[in-house]
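Residue indices begin at 1 and follow the sequence shown.
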Amino acid sequence: MPAPIVPSVPRYVPAPPTKEDLEWADLPIIDFSNAGTPEGRAALTPEVCNAMRTYGFMYVVNHGLTQAQNDRMFDIADVPFTQVPGEEMKQFAADIEGSGSYRGFKRRQYWEIDNGVRDQLEHYNIHCTVTDLQTHPKALQPFLPEIRALTEFNHGGILTPILQILARGLELPEDSFVDIHGFGHKSETYLRFMKYYPRTEEDEQKSKNVWLKGHTDIGSVTILWSQPVSALQIRCPDGKWRWIKHIDNAVVVNIGDSMEFLSGGFYKGTIHRVRQPPADQQGYARLGVFYFGYPNEDVKLTPMAESPVLKRVGILRRFEDEQAPTEGQFRSGRTAAYGLSKLTKKDDAVEEQFIHGVPVRHYS
């Protein structure tokens with residue numbers, strides 16, 4: 001049979017990797033070749049759970065997507081920013097503050113980063129079902145079947161085995177987390193295409209070269225497809241900021257606040273930020289592809305206290321169980337407030353706000 005014909009799309013040419021000698025974070029690289037079997041997940045559990053308890057970040061390789069498919073994914077990811085006219089972008093703009101949802105476009109300069117400096121990034125968010133809860137610009141419509149295949153791959157091929165492994169690490173039934181992370185209307189799990197643009201030297205000086213302040217993610221698990229422009233840094237256990245190095249066709253995985261709450265602090269939501277790239281990459285835009293895994297909207301963010309591990313090591317709570325928000329409350333509250341609400345300065349490096357009684361910190 002002839003191969004199926006896919007719609008043509010302009011080729012996205014990424015920046016070359018930096019040649020600068022940066023201080024890289026030493027993250028574990030997890031081989032997912034056998035993650036589709038119970039035996040494979042059992043073998044991966046010690047290494048994955050140790051990574052998620054220490055750094056909160058890891059690389060995943062051999063996940064099942066080829067380099068050619070990866071290239072095609074980035075070609076499609078650039079379409080919202082290069083093929084959609086400005087007026088149409090406005091029609092599909094997300095009502096972020098009003099709805100507490102990122103579905104659609106977040107335009108540039110929506111957030112204040114620091115000292116009056118506005119952001120220079122835009123992103124297009126797509127609910128995991130792709131077409132059930134939103135419509136899309138004309139330029140993206142030919143690619144919707146491929147985008148749906150991509151969300152299914154991220155959810156079933158990467159997010160699901162990670163959730164199963166994290167449950168194993170807590171000695172819970174393997175699908176304990178999977179059962180509350182639905183692929184459908186009950187959650188706000190989404191795919192994001194995002195593009196950062198170079199800033200003026202004045203903005204760099206005012207913001208101390210920080211493009212997005214240090215933060216933890218809202219959801220349970222974030223999947224970031226590695227790309228060559230070095231800008232992501234994590235705050236390591238010793239308190240130092242270190243760079244995340246690009247690995248071809250790898251994904252970078254990190255834990256978010258929701259998983260920290262559900263695991264009683266056993267897994268850590270790790271602080272990370274985005275800053276100006278090194279000198280040899282400063283003229284390039286930074287295109288990213290993300291998959292953000294969220295618990296279902298009605299899940300109350302209390303620890304899974306039935307875990308034998310938590311019974312042994314104890315639970316670290318950020319709030320009392322009776323005060324715990326649902327995922328929907330926490331997610332929508334943080335989404336609506338980010339970059340718009342006033343922060344309280346804790347010290348020279350930390351600012352704080354409260355979302356449904358939960359302290360949320362931002363780091364310079």
Side-chain angles (χ1 to χ4, degrees), residues 25-73 128 148-184 187 189 191 217 219-226 234 244-256 258-260 262-264 266-270 289-296 304 306-310 312-313:
D26 185 20
L27 302 181
I29 300 174
I30 308 298
D31 188 334
F32 251 37
S33 298
N34 297 316
T37 68
E39 296 78 16
R41 293 190 292 274
L44 289 173
T45 296
E47 188 176 13
V48 169
C49 294
N50 182 62
M52 296 296 96
R53 294 204 69 199
T54 52
Y55 281 104
F57 269 75
M58 66 184 180
Y59 296 101
V60 169
V61 298
N62 296 326
H63 39 64
L65 201 76
T66 68
Q67 184 61 57
Q69 290 171 316
N70 181 298
D71 293 342
R72 173 78 177 176
M73 172 177 66
C128 59
R148 172 64 186 234
L150 181 60
T151 64
E152 290 178 356
F153 175 81
N154 277 273
H155 202 100
I158 303 178
L159 176 62
T160 293
I162 289 171
L163 292 173
Q164 290 172 322
I165 290 168
L166 296 178
R168 282 177 173 270
L170 287 170
E171 297 175 14
L172 291 166
E174 193 179 57
D175 285 339
S176 296
F177 290 131
V178 173
D179 290 343
I180 58 172
H181 288 75
F183 185 88
S187 86
T189 291
L191 179 72
D217 286 345
S220 295
V221 176
T222 299
I223 297 166
L224 161 65
W225 288 87
S226 187
I234 67 169
I244 300 295
K245 191 169 188 176
H246 171 58
I247 298 177
D248 286 339
N249 201 28
V251 293
V252 180
V253 175
N254 67 274
I255 292 295
S258 297
M259 179 57 71
E260 181 171 327
L262 292 170
S263 70
F266 191 75
Y267 301 121
K268 307 298 182 187
T270 298
V289 178
F290 302 75
Y291 193 75
F292 291 91
Y294 286 87
N296 297 343
M304 289 197 167
E306 68 273 23
S307 159
V309 172
L310 294 184
R312 293 196 298 271
V313 304

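With sequence neighbours excluded, the residues that form a side-chain contact (heavy atoms from CB on, under 4.5 Å) with D175 are Q164, V178, D179. A search for ring pair (Phe, Tyr, Trp, His ring centres under 6.0 Å) contacts involving Y267 returns nothing, not counting sequence neighbours. For F153, there are no ring pair (Phe, Tyr, Trp, His ring centres under 6.0 Å) partners at least two apart in sequence or on another chain. For the ring pair (Phe, Tyr, Trp, His ring centres under 6.0 Å) test, residues two or more places apart in sequence or in another chain that qualify with F183 are H155. Considering only residues two or more places apart in sequence or on other chains, N70 meets the side chain to side chain donor-acceptor pair (under 3.5 Å) condition with N249. Annotation: salt bridge (charged side-chain N to carboxylate O under 4.0 Å, His left out) contacts of E171 (sequence neighbours excluded): R312. For the salt bridge (charged side-chain N to carboxylate O under 4.0 Å, His left out) test, no residue two or more places apart in sequence or in another chain qualifies with E47. By the side chain to side chain donor-acceptor pair (under 3.5 Å) test, H246 is found to be paired with S226, D248, residues two or more places apart in sequence or in another chain being considered. Qualifying side chain to side chain donor-acceptor pair (under 3.5 Å) partners for E39, counting only residues two or more places apart in sequence or in other chains: none. Residues meeting the side-chain contact (heavy atoms from CB on, under 4.5 Å) test with L44, sequence neighbours left out: I30, F32, A35, V48, I165. Taking S33 as the reference, D31, N62 meet the side-chain contact (heavy atoms from CB on, under 4.5 Å) condition, with sequence neighbours excluded. The side chain to side chain donor-acceptor pair (under 3.5 Å) search around S258 returns E327, not counting sequence neighbours.
Closest non-hydrogen pair, P308 versus L170, comes out as CD-O, 3.6 Å. The heavy-atom pair separating A42 from P46 by the smallest distance is O-CD, 3.6 Å. Annotation for L163 and F177: closest pair O-CD1, 3.6 Å, computed over non-hydrogen atoms. Contact between N50 and T54 at its shortest, heavy atoms only, is O-OG1, 2.8 Å. Nearest heavy atoms, A250 versus V61: CB-CG1, 3.9 Å.
Within the model, atoms CG of L191 and CG of L150 stand 5.0 Å from one another, a figure rounded to the nearest 0.5 Å. Rounded to the nearest 0.5 angstrom, I180 CD1 and S187 OG are separated by 11.0 Å. In this structure, NZ on K245 lies 8.0 Å from OH on Y59, to the nearest 0.5 angstrom. The distance from the CG atom of D217 to the CD atom of E260 is 12.0 Å, given to the nearest 0.5 Å. Separation of atoms NE2 (H181) and CG (L159) is listed at 6.5 Å; rounding is to 0.5 Å. Of the inter-residue distances, the one linking R148 atom CZ with C128 atom SG reads 7.5 Å to the nearest 0.5 angstrom.
Looking only at side-chain heavy atoms (C-beta outward), R168 and P38 come within less than 4.5 Å of each other.
For S307 (side chain) and M304 (main-chain N/O), no donor-acceptor pair under 3.5 Å exists by modelled atom type.
Among the candidates F290, W225, Y291, the single residue satisfying the side chain to side chain contact (heavy atoms under 4.5 Å, CB included) test with V251 is W225.
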- Message: Evaluate I162 against M58 for side-chain contact (heavy atoms from CB on, under 4.5 Å), listing each step before the verdict.
- Response: CA-CA 11 Å; I162 289 171; M58 66 184 180; 4.3 Å; yes
- Message: Determine whether L166 and M52 satisfy the following criterion, side-chain contact (heavy atoms from CB on, under 4.5 Å), listing intermediate values before the conclusion.
- Response: CA-CA 9 Å; L166 296 178; M52 296 296 96; 3.9 Å; yes
